[in-house]
Number of protein chains: 2
Amino acid sequence: MENIQTPSATDKNQVFIKMVISNWQVQNSRFNALLDKLSDEQLAEETSPGRNTGVYLLGHMAAVHDAMLPLLGFGDQLYPELEEVFIKNPDKSDLPKPATSALREYWKNVSQTLDKHINETEAEEWFSRHNSVSEEDFAKEPHRNKLNIIINRTNHLSTHMGQMIYLSK
Amino acid sequence: MENIQTPSATDKNQVFIKMVISNWQVQNSRFNALLDKLSDEQLAEETSPGRNTGVYLLGHMAAVHDAMLPLLGFGDQLYPELEEVFIKNPDKSDLPKPATSALREYWKNVSQTLDKHINETEAEEWFSRHNSVSEEDFAKEPHRNKLNIIINRTNHLSTHMGQMIYLSK
């Protein structure tokens, strides 16, 4: 059992990447299951009086995860226009929002594109710097790598999922 | 830069333990800052109509994090009696709840005890199995280690923090 109780450092890298990615996948699966359960009418409601609607949170999640594509070196955003409405401005702005059916589609496309790239990413690559940290800062703070973005965004998704759950009966 | 861009496997172990622990610490700091901001009166309110109160969520977090002590081999629970009220039963049960001032104290003590043990845990130890997985299963699923519990509980904390934020003005 010794080699299993204390796997080699290289084995641990594989194990650790699996830990982070599987937690990311579990939270995304839960979010998608919740989304399937919620009608467009339910998504239009506020998650709590005066708080964000499900529509805004769905758009916010699509925008934030879309922005992970360039951040992780996976390519350009699919829907850069979402940033203005769902990140830079609050729910109660006067900015027109896309139809809920469109937002569901955007979320699905962003998730599938991210998953494709995540599955293709080599172990070594996860420990390289993400594109919002300079080479100089990364030299001092090597934990600011691509895998750390996945941990951070999994927590962000969990936070808003806790709010969207309030829309389900 | 080569050795920084692609640190050795052993360096990486240190880096990703830091990644997980620092994300845990950031979310705990945010939760404590929110808790300091909320009055006992605000905590007594429902986070959304018909949903959990702040008091229940505070007790739930204290109970779940207290249960991490034996799970991670850090010792016995400090307040095992919380489990019945805040994990096994819902907010709307008829079970009497401790005073909010007591729950704040329990949460603080649990957090400090956990932090002390987390800071004393050696790198190698984080990759050993936690106490709810058998040696046999761990041999097959080495990602079910102590560090994975920290990732999982950080997401759990994030989920309920997203709900407790609704109590702040």
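Order of the sequence lines fixes the chain letters, A, B, ..., with proteins taken first and strands second; residue numbering starts at 1 for each chain. Here the structure is a predicted model, which is why all the values come from computation and not from measurement. Computed from heavy atoms alone, side chains included, the values below leave out hydrogens, waters and symmetry copies.
A distance-only check finds no donor-acceptor pair linking the side chain of A:Gln163 to the backbone of B:Gln163 [under 3.5 Å]. The backbone N or O of A:Thr47 sits less than 3.5 Å from a side-chain atom of B:Ser48, completing a donor-acceptor pair. Between the side chain of B:Ser158 and the main chain of A:His156, no donor-acceptor pair closer than 3.5 Å is present.
We find the CZ-CD1 distance between A:Phe16 and B:Ile151 to be 5.0 Å, quoted to the nearest 0.5 Å. Taking NE2 of B:His143 as the reference point, atom CG of A:Asn23 lies at 8.5 Å (rounded to 0.5 Å). Residue A:Arg30 holds its CZ atom at 8.5 Å from CG of B:Asn155, rounded to the nearest 0.5 Å. The CE atom of B:Met19 sits 4.0 Å away from atom CG of A:Leu147, with the distance rounded to the nearest 0.5 Å. Atoms OG and CZ, on A:Ser22 and B:Arg144 in that order, are 11.0 Å from each other to the nearest 0.5 Å.
Residue A:Asp76 places its CG atom among 12 or fewer non-hydrogen atoms of other residues, nucleotides or ligands, all under 6.0 Å distant. Crowding of B:Glu120 atom CD: a count of heavy atoms from other residues, nucleotides or ligands under 6.0 Å exceeding 12. The number of heavy atoms from other shown groups lying within 6.0 Å of NZ (A:Lys97) is above 12.
When the side chains of ILVMFWY residues are joined at heavy-atom separations under 4.5 Å, either directly or via intervening members, B:Phe127 and B:Ile118 end up in a single hydrophobic cluster. Following chains of ILVMFWY side-chain contacts shorter than 4.5 Å, one can reach B:Tyr106 starting from B:Phe74, so the two form part of one hydrophobic cluster. Residue A:Leu78 is grouped with residue A:Ile149 when hydrophobic side chains (ILVMFWY) are merged at heavy-atom distances under 4.5 angstrom, including chains of intermediate members.
The aromatic rings of B:Tyr166 and A:Tyr166 lie tilted to each other, with the angle between the two planes from 30° to 60°.
A:Leu157 does not touch chain B: none of its heavy atoms, backbone or side chain, sits under 4.5 Å away.
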(request) Could you walk me through whether A:Thr159 and B:Thr159 pass side-chain contact (heavy atoms from CB on, under 4.5 Å), step by step? (result) CA-CA 4 Å; A:Thr159 301; B:Thr159 301; over 6 Å; no
